[in-house]
There are 2 protein chains.
Amino acid sequence: MRISHESALEIRHLQLVRAVAETGTLTAAAERLCVTQSALSHRLRELEQRLGSAVFHRQGRRMIPTQTGARLLAAAEQVLDELERTRNDLARLSAGELGELRLSTGCYTAYHWLPRLLPAFQARHPRVEIRLLPELMGSLFDALRRRELDLAIAAATPDDPQLDSQPLFDDETLILVHPDHPAAACGSMPLAELAAERLIIHGSTRMAYESFLRRRGIAPREITELMLSEAIVEWVAAGLGVTLMDRWAAKRYLDLGIVKGVSAAEKPLRRSWHAVTPRGELPNYVGALVELIRSNPPTLDPVR
Amino acid sequence: MRISHESALEIRHLQLVRAVAETGTLTAAAERLCVTQSALSHRLRELEQRLGSAVFHRQGRRMIPTQTGARLLAAAEQVLDELERTRNDLARLSAGELGELRLSTGCYTAYHWLPRLLPAFQARHPRVEIRLLPELMGSLFDALRRRELDLAIAAATPDDPQLDSQPLFDDETLILVHPDHPAAACGSMPLAELAAERLIIHGSTRMAYESFLRRRGIAPREITELMLSEAIVEWVAAGLGVTLMDRWAAKRYLDLGIVKGVSAAEKPLRRSWHAVTPRGELPNYVGALVELIRSNPPTLDPVR
DNA sequence: CCGATTCATGAGAAATTCTCATGACATTTC
DNA sequence: GAAATGTCATGAGAATTTCTCATGAATCGG
């Protein structure tokens, strides 16, 4: 059973107050609100009974706000305006014009190619804010499941019915060596030879590469971890070791000629990158960004 | 017939969003809002249908706001908080603790004695703002009828069923003369003798006094209008003429001895001041101020 | 003083919003 | 992995709210 309780102010009351205060009569307010005058009269009576005090003075045929009415009018303006703004924002949200896109790659890779795509994306979705989240609790996929993330770029595809995945682009991981390194001449290098090298590697990718090599039974002589790609390349260029780096991340340095990139001799180290999203309805701009990445896989060319 | 229309956001929806966002589940929210879980489930479904998009992600047994939900949550906080503030203010308004008291005397008289009463009034009604309105369209009584005024102090009582009136205090209007004036010695002066005098008078009271004298067939030799009581007194003290002034307004200058006050010889000029208010319910602090004035009629003594 | 306009009111219809009784699904526990 | 527990979803129908319609009463202006 539903108990009739001292229900508070309703939107309907605020609309009434504003319309009557602005038009000066119940009749005109009724027309504006598309109801009968009688309905508003009942509404007003109910409101005044609830409040226990008059909201309008009945001055002949005019309705003049009491002090109570004046305070209600102020509330009405504020509340109804906020609801109007909310309506607008929600419309833009569902049209995908407004929103937030929380993105992570779980490693440093996006820092290289994402900035190149942003101008094109922002041109199409000017009011969508892209937030690149570097640090997350647990794995990338957990964050997606917790809805703390809208999009993850990962080299692995998840086996989880709650997550959707689609391929973005393939890339080859090169071995970067000093130009005078023997492998530089022949253009490839057996992975096993890494055992004789010092491997210099980016901190954020260490785990991935280390386990990748371990699965092949390869243990580099020494692993040095640096947090800056440029520094890694300088070390390699100085002959202090070799590194593993995705082709498009390395391209800058290869063009400079200070290091050489060689493939793994057995077969190239290919990595397949995927866009992973939570299953279910997503803002359409998420799909738009994924499509933008797919159609403009990382290169150093400008994006149309 | 009532047409089912795309009604917008309701308070009820905002309460739902806030409660669910804060508690994390529909069930807990239902308990907080004192309805069944089923009711909230229906409400939420209806809201999502209206908006055309999900408000919460159903993540296992947790409800996580979507971007739409997040925007709604922001609106909910703002709107519900404003409604709470409104409730508070309305409660204080009807308790008379908060409000506005628009007061006018239609002439300058209140400037003399009202300030003396204000500290006592403000101590009892700290959040009531007194506004002294000097200029009004039409008469004082018209302003009351139009509800532009809460209280008028007038020497006349209105004959209008829409207005209430109650006596405040009586006062005598003195004739102020130069200490060497012949009337100063005997303490009174026939009104008729004003015909031989230059009457110096305050602009705001000119009309009242002039018609008062005319009704008695008295026309002063000359009338000079000044807008500052102090200036009027200085003129009288310089022997340039005489003036009419309420006793309590004149007391300051009488004490200084620079002018003398005498009564009308026929009988003292008594004026009966009244508090006039619009009929109907009034904030109780209006009555409080009237009572304060009645129990502390104008003197120059401090008010308890 | 009459006609036009306005707010108020009562009765009953219409629409909304709830509760109750379940079902379906996920998570935790043993 | 089955049972126990807790969650949201759903359909039907009751309870409540809120409206419309048909008037009455009061005010205003010529």
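Atoms considered below: every heavy atom in the structure, side chains included; atoms not considered: hydrogens, waters and symmetry mates. Protein chains get the first letters and strands the later ones, always in sequence-line order, with residue 1 at the start of each. This is a predicted model, so every value here is computed, not measured.
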Expected string for nucleotides 25-30 of chain D under the B/S/- scheme (protein heavy atoms, under 4.0 Å, primed atoms plus P, OP1, OP2 as sugar-phosphate) is --BS--

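Atoms CZ (B:R50) and C1' (C:dT17) sit 11 Å apart, rounded to a whole Å. Atom CZ of B:F56 is separated from atom C1' of D:dT7 by 15 Å (rounded to the nearest Å). Distance CD (A:E48) to C1' (C:dC7): 12 Å, rounded to an integer number of Å. If you take CD of B:E46 and P of C:dA15, they are 15 Å apart, rounded to a whole angstrom. Following rounding to the nearest Å, B:E10 (CD) and C:dC18 (P) show an atom-to-atom distance of 11 Å. Distance CD1 (A:I64) to P (C:dC7): 12 Å, rounded to an integer number of Å. In this structure, A:L9 places its CG atom 16 Å from P of D:dT17, rounding to the nearest Å. Distance A:M63 CE to C:dT6 P: 12 Å, rounded to the nearest Å.
Distance alone, capped at 3.5 Å, is enough to place a donor-acceptor pair between the A:R50 side chain and the A:A8 backbone. Without hydrogens or angle criteria, A:T105 side chain to A:I153 main chain gives no donor-acceptor distance under 3.5 Å. Looking only at distances, a side-chain donor or acceptor of B:R294 sits under 3.5 Å from a matching main-chain atom of B:P167. Proximity of a side-chain donor or acceptor of A:H13 to a complementary backbone N or O of A:E10 within less than 3.5 Å is detected.
Applying a 4.0 Å cut-off to non-hydrogen atoms, none of the residues of residues 11-19 of chain A approaches DNA chain C. Against DNA chain D, the stretch residues 29-45 of chain B makes heavy-atom approaches under 4.0 Å through B:Q37, B:S38, B:S41, B:H42, B:R45.
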Donor-acceptor contacts, no H, no angles, side chain residues 90-99 of chain B, under 3.5 Å, sequence neighbours left out:
residue	atom	partner	partner atom	Å
B:R92	NH2	B:D89	OD1	3.2
B:S94	OG	B:L90	O	3.3
B:S94	OG	B:A91	O	3.2

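Of all heavy-atom pairs between A:R146 and B:I64, the closest is O-CD1, 3.8 Å.
There is a side-chain donor-acceptor pair under 3.5 Å between B:S272 and B:D170.
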### Message
Run A:V55 and A:L44 through side chain to side chain contact (heavy atoms under 4.5 Å, CB included) and show every step you take.
### Response
CA-CA 8 Å; A:V55 174; A:L44 179 55; 4.2 Å; yes

Next on the checklist: Checking B:L72 against B:L9 for the side chain to side chain contact (heavy atoms under 4.5 Å, CB included) test, could you report, in this order, the C-alpha distance in whole Å, the side-chain angles of both residues, the deciding distance, and whether it holds?
Outcome noted: CA-CA 10 Å; B:L72 281 176; B:L9 281 173; 3.8 Å; yes

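Taking the ring pair (Phe, Tyr, Trp, His ring centres under 6.0 Å) definition, one finds that A:F121 meets it with A:H125, sequence neighbours left out. With sequence neighbours left out, B:A275 forms a side chain to side chain contact (heavy atoms under 4.5 Å, CB included) with B:L151, B:Q166, B:L168, B:V290.
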